[in-house]
Amino acid sequence: MNKIKINEDIDLRNTLFSGQAFRWYLKDDWYYGYINNSFIKIRIIDKHMEYESCMGKPCESEIIEYFNLKLTYKKIFSKIEDKYCLLAYKELNGLKILNQDPWECLISFIISAWSNVPKISKTINDLCVELGDKQVIGDEIGYTFPSPSIISTKNEKILRKFGLGYRSKYVLNTSRLLSENLNIIYELFEKTYDEALNVLLEFPGVGDKVANCVLIYSLKKHFAFPVDLWVDRILVQDYGIDKKMPLIKKRKWAQNYFGDHAGIIQHFLFHYKRKYNQ
DNA sequence: TATCCACCTGA
DNA sequence: CAGGTGGAT
């Protein structure tokens, strides 16, 4: 059994089921999912993460990167005085913001538009089962997330069968744009938040919310701040922001208020609101 | 620039 | 009605 020593607390349930990733599931005390598009099972026992993957992928360094284990949350929140942030941090200790694969993340959040977590997960899973490659760990079967060139060979009608609905043409056209050169999104790691945001907004089905999700959940832009329905409620109900304020203004207000790690704070507030508040 | 609404689908 | 976007006004 492979093991990684864990220094900070990790809460796998809150981390993997807080709406930032959609393909993890729990079975027999193990969490099954994908890191860099490779099937893996993990669990935490006595300050160690135990894992089993297929043929050495993902490797230890990829897992550490995926869970952002080098980032010290305590340090980030020690500079925060806001009471809601501190409450969410206290209640959700061990929640991590993941570094997912940007391509899968981009398509997943395009699919997430005006939907709900169970349906998003089902749709993505159907897509992978139909178009991805099979991977096996023990008795469990997994499927990789299909590449842009594979999705590009399909048409809107086929994608609708997977339950994508009107998002089908967004997924198809975004895939087509990236099928020639997927590097366009991996190059965003090197770009600033604003530059990367503007590149993402060019893709069909990607607005300010989806782009900011991709930036915070896969491209390590901690300043990114997705304003969805729940975060909007938080800003209006808890921070007294005018409900009528346009979405982008709300986002900028929050980034200014919360600072460099606004996106990380956002995820704590978001998950806390969903879990404990109405 | 700011508001309005169609767009798939399943609970 | 649900974790938006794009197009029109």
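Labels below follow one simple rule: chain letters A, B, ... track the order of the sequence lines, proteins then strands, and each chain is numbered from 1. Just so it is clear, the structure is predicted and the values come from calculations on it, not from any experiment.
The interatomic distance linking A/Arg251 (CZ) with C/dG3 (C1') rounds to 17 Å, in whole Å. Between A/Glu202 atom CD and C/dG6 atom C1' there is a gap of 14 Å when expressed in whole angstrom units. Regarding A/Ile111, its CD1 atom lies at a distance of 13 Å from the C1' atom of B/dT9, rounded to whole Å. One can place CG of A/Leu247 at 12 Å from C1' of C/dG3, the figure rounded to the nearest angstrom. The CG atom of A/Leu164 sits 9 Å away from the P atom of B/dT9 (whole-angstrom rounding). Whole-Å rounding puts the A/Ile234 CD1 to C/dG3 C1' distance at 11 Å. One interatomic measurement links the two molecules: CG of A/Asn116 to P of B/dT9, which rounds to 14 Å at whole-angstrom precision. Spacing between atom CD1 of A/Ile248 and atom C1' of C/dT5 amounts to 12 Å, rounded to whole angstrom units.
Using cut-offs of 30° and 60° for the angle between ring planes, the A/Tyr32 and A/Phe39 rings count as tilted.
No contact: A/Pro118 has no heavy atom under 4.0 Å from any strand. Residue-level contact check: A/Phe203 touches the backbone only, with heavy atoms under 4.0 Å from sugar-phosphate atoms and none from bases. At a threshold of 4.0 angstrom between heavy atoms, the contacts of A/Val206 are confined to the sugar-phosphate backbone, with no base atom among them. Residue contacts shown for A/Gly19 include a base, since a base heavy atom lies under 4.0 Å away. Counting non-hydrogen atoms under 4.0 angstrom, A/Ser108 reaches nothing in the nucleic acid.
Only the P atoms considered, B/dT3 is 23 Å distant from C/dG3, to the nearest whole Å. B/dC8 sits 16 Å from C/dA8 when the P atoms are compared, rounded to a whole Å.
Contact check on A/Glu104 versus A/Arg23 returns a salt bridge, with a Lys/Arg side-chain nitrogen under 4.0 Å from an Asp/Glu carboxylate oxygen. Salt bridge annotation for A/Lys220-A/Glu65: present, with a cationic side-chain nitrogen under 4.0 angstrom from a carboxylate oxygen.
Under the 6.0 Å distance and 45° angle rule, A/Lys41 counts as a cation-pi partner of A/Trp30.
Distance from the side chain of A/Lys119 is smallest to B/dG10 among B/dG10, C/dG3, C/dA2.
Residue A/Arg167 places none of its side-chain N or O atoms closer than 4.0 Å to OP1 or OP2 of C/dT5.
For the pair A/Gly205 and A/Phe17, both in contact range of DNA chain C, the more 5′-proximal nearest nucleotide belongs to A/Phe17.
Remark: DNA chain B forms stems of 3 or more consecutive Watson-Crick or G-U wobble pairs, all pair distances under 3.5 Å, at B:2-7 with C:4-9.
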Distances under 3.5 Å between protein N/O atoms and the N/O atoms of nucleotides 1-7 of chain B, please, pair by pair.
| from | atom 1 | to | atom 2 | distance (Å) |
| --- | --- | --- | --- | --- |
| B/dT3 | OP2 | A/Lys244 | O | 3.4 |

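Hydrophobic clustering of Ile, Leu, Val, Met, Phe, Trp and Tyr side chains at less than 4.5 Å, counting indirect connections, unites A/Ile120 with A/Ile151.
A ring-ring contact (aromatic ring centres under 6.0 Å, His included) with A/Tyr84 is found for exactly one of A/Tyr239, A/Tyr276, A/Tyr257, namely A/Tyr239.
In this structure, A/Phe258 has its ring center no closer than 6.0 Å to that of A/Phe268. For A/Tyr66 and A/Tyr34, the gap between ring centers reaches or exceeds 6.0 Å.
For the residue pair A/Asp82 / A/Tyr89, no side-chain donor-acceptor distance below 3.5 Å is found, with atom types taken as modelled. In this structure, a donor-acceptor pair under 3.5 Å is present between the side chains of A/Asp101 and A/Tyr186.
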